[in-house]
2 protein chains.
Amino acid sequence: MSKAPPPKPTDSELEILHVLWQHGPATVRVINDHLSQRRQAEVGYTTTLKILQLMLEKGLVRRDDADRSHVYRAAVREQETQGLLLDKFVDAAFGGSALKLVMQALGSRQTSADELAQIRRLLNDIEIQNSTANSDDDEHA
Amino acid sequence: MSKAPPPKPTDSELEILHVLWQHGPATVRVINDHLSQRRQAEVGYTTTLKILQLMLEKGLVRRDDADRSHVYRAAVREQETQGLLLDKFVDAAFGGSALKLVMQALGSRQTSADELAQIRRLLNDIEIQNSTANSDDDEHA
DNA sequence: AGATTATTACGAAATATTTCGTAGATAAGG
DNA sequence: CCTTATCTACGAAATATTTCGTAATAATCT
């Protein structure tokens with residue numbers, strides 16, 4: 001009885017997680033520099049520090065405080081976190097229909113031929129999985 | 001000079017918009033009943049009223065106050081609103097990559113054969129549009 | 001009419017999130 | 001050693017969102 005899954009990150013927390021996922025473990029200074037670049041305005045150093053401290057309490061990051069400048073790293077995986085957020089978002093914005101979301105994402109923006117090809121490959125993979133999983137239905141073939 | 005596009009709805013506002021999109025114009029009472037059902041706990045009547053009043057100011061809903069019980073209706077379209085939210089979400093959660101979002105949505109959940117077929121149709125449509133839109137490049141053919 | 005009920009308007013408390021200032025400690029430079 | 005810079009911890013202000021209580025008004029019922 002010790003598992004309390006980390007909660008859904010807030011917007012700021014997610015922004016920090018992006019930095020950690022892409023950059024790897026980093027100090028507050030490094031993270032803050034990245035955030036400041038990503039936005040128009042400077043981000044206060046202690047603002048970033050504070051959010052990281054809150055994230056630590058929530059279990060979203062871990063830290064190594066061996067040195068004076070603590071080093072933070074993500075404690076949640078990118079894909080899992082995105083999956084969690086996606087579930088919530090599908091519910092909130094698309095009434096739970098992932099299909100509608102995909103249709104909207106593909107329909108209302110320009111998608112390159114290369115990306116379309118990737119999606120087709122994924123569709124093929126999924127159908128193969130579906131058919132092997134359903135082999136009871138198909139056994140006559 | 002009179003266009004101020006309605007802002008991104010909050011979570012509660014979106015929940016109300018869902019009711020209005022599905023049910024059509026409705027009174028506070030009706031909307032509140034729907035919300036109360038959708039959740040575990042009762043929602044205070046004046047809570048719903050208050051949010052609707054704020055939504056009115058923001059231009060997210062319109063109201064007919066001819067009768068004593070005002071009738072509210074959505075002032076933003078479902079698809080447009082979802083598109084707006086999707087853009088923000090793709091940026092925040094997937095670093096701007098709609099492709100990643102689609103892959104995640106399709107990959108990490110079960111998708112029926114019927115849904116897969118719908119997506120294939122959409123992909124075909126998009127490719128046709130891409131090729132006719134690019135006819136400048138292809139005119140030599 | 002008088003009492004009860006339903007409704008709107010409005011202020012403000014409750015909650016969540018973001019932001020920053022200040023204090024204290026530690027390191028680094030001169 | 002003293003000054004300056006950097007860092008952490010912490011409190012709290014600023015902002016956004018949600019929730020609800022109260023008062024005023026209008027409709028309904030007996």
Side-chain angles (χ1 to χ4, degrees), chain A residues 6-19 25-73 81 85 88-89 91-93, chain B residues 6-19 25-73 81 85 88-89 91-93:
Chain A
K8 183 174 90 112
T10 67
D11 287 349
S12 293
E13 291 169 348
L14 188 56
E15 215 179 340
I16 288 180
L17 284 176
H18 271 300
V19 173
T27 62
V28 178
R29 177 63 59 194
V30 168
I31 295 166
N32 185 251
D33 288 348
H34 278 263
L35 294 186
S36 294
Q37 256 193 283
R38 253 189 116 275
R39 308 197 195 175
Q40 49 243 54
E42 276 284 304
V43 182
Y45 179 89
T46 55
T47 300
T48 302
L49 172 64
K50 179 67 161 187
I51 294 179
L52 278 164
Q53 286 169 346
L54 293 175
M55 291 175 77
L56 182 64
E57 280 181 10
K58 295 184 186 177
L60 290 170
V61 297
R62 295 193 214 289
R63 83 176 170 194
D64 174 356
D65 49 6
D67 296 335
R68 185 155 91 102
S69 292
H70 299 174
V71 175
Y72 290 84
R73 63 194 170 83
T81 304
L85 292 169
K88 304 257 186 195
F89 181 70
D91 279 351
Chain B
K8 183 174 90 114
T10 67
D11 287 349
S12 293
E13 290 169 348
L14 189 56
E15 215 179 342
I16 287 180
L17 283 176
H18 271 302
V19 173
T27 62
V28 178
R29 177 63 58 195
V30 168
I31 295 167
N32 185 251
D33 287 349
H34 278 262
L35 294 186
S36 293
Q37 255 194 283
R38 254 188 115 274
R39 307 195 196 174
Q40 47 243 57
E42 277 283 304
V43 182
Y45 180 90
T46 55
T47 300
T48 303
L49 172 64
K50 180 64 160 188
I51 295 179
L52 278 163
Q53 286 169 345
L54 293 174
M55 290 174 79
L56 182 64
E57 281 180 10
K58 295 184 186 177
L60 291 169
V61 297
R62 293 193 215 289
R63 84 174 170 195
D64 174 358
D65 50 5
D67 295 337
R68 184 155 94 102
S69 292
H70 300 173
V71 175
Y72 291 84
R73 64 194 168 84
T81 304
L85 293 169
K88 305 258 187 195
F89 180 70
D91 279 352

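So that the names make sense, note that chain A is the first sequence line, chain B the second, and so on, each numbered from 1.
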Q) Whole-Å distance between C:dT18 C1' and A:Leu52 CG? A) 13 Å
(Q) Is A:Gln53 close enough to D:dT8 that one of its side-chain N or O atoms is under 4.0 Å from OP1 or OP2 there? (A) no
Q. What is the distance from atom NE2 of B:His34 to atom CZ of B:Arg29, rounded to the nearest 0.5 Å?
A. 12.5 Å
Q | A:Tyr45 side-chain N/O to D:dT8 phosphate OP1/OP2 under 4.0 Å | A | yes
Q: Return the value, rounded to whole Å, for the distance between atom CZ of B:Arg63 and atom C1' of C:dT8.
A: 8 Å
Q) Considering the options B:Thr48, B:Thr47, B:Thr46, B:Thr27, which one meets the side chain to side chain donor-acceptor pair (under 3.5 Å) requirement together with B:Asn32? A) B:Thr48
Q. For DNA chain C, whose closest nucleotide is more 5', that of A:Lys8 or that of A:Glu42?
A. A:Lys8
(Q) Output the rounded distance in Å from CD (B:Glu57) to P (C:dT8). (A) 15 Å
Q. Which listed nucleotide (C:dT8, C:dT19, D:dT18) is nearest to the side chain of A:Ser12?
A. C:dT19
Q: Please state whether the phosphate of D:dA5, meaning OP1 or OP2, lies under 4.0 angstrom from any side-chain nitrogen or oxygen of A:Arg68.
A: no
Q | Between CD on residue B:Gln53 and CZ on residue B:Arg63, distance to nearest 0.5 Å | A | 6.5 Å
Q. Which part of the nucleic acid, if any, lies within reach of B:Asp11 when heavy atoms closer than 4.0 Å are counted: base, sugar-phosphate only, or nothing?
A. sugar-phosphate
Q.
With nearest nucleotide decided by heavy atoms, which residue, A:His70 or B:Lys50, maps closer to the 5′ end of DNA chain D?
A. A:His70
(Q) Once rounded to the nearest 0.5 Å, what's the spacing between atom CD1 of A:Ile16 and atom CG of A:Leu52? (A) 4.5 Å
Q | Whole-Å gap separating P (C:dT19) and CG (A:Leu54) | A | 12 Å
(Q) Strictly below 4.0 Å: does B:Thr10 bring a side-chain N or O up to OP1 or OP2 of D:dT17? (A) no
Q. Between D:dA27 atom P and B:Asp67 atom CG, what is the distance in whole Å?
A. 10 Å
Q) Does OP1 or OP2 of C:dC20 have a side-chain N or O of A:Thr47 closer than 4.0 Å? A) yes
Q) Is the phosphate of C:dT8, meaning OP1 or OP2, less than 4.0 Å from a side-chain N or O of B:Arg29? A) no
Q. When the distance from CG of A:Leu35 to P of C:dT17 is rounded to whole Å, what number comes out?
A. 18 Å
**Q.** For atom CD of A:Glu13 and atom P of C:dA16, their distance in whole Å
**A.** 13 Å
Q: With heavy atoms under 4.0 Å as the rule, sort A:Thr46 into base, sugar-phosphate or nothing.
A: base
Q: Would you mind reading off the distance between A:Leu49 atom CG and C:dC20 atom P, rounded to a whole angstrom?
A: 13 Å
Q.
Working to the nearest 0.5 angstrom, can you tell me the gap between B:Met55 CE and B:Leu17 CG?
A. 3.5 Å
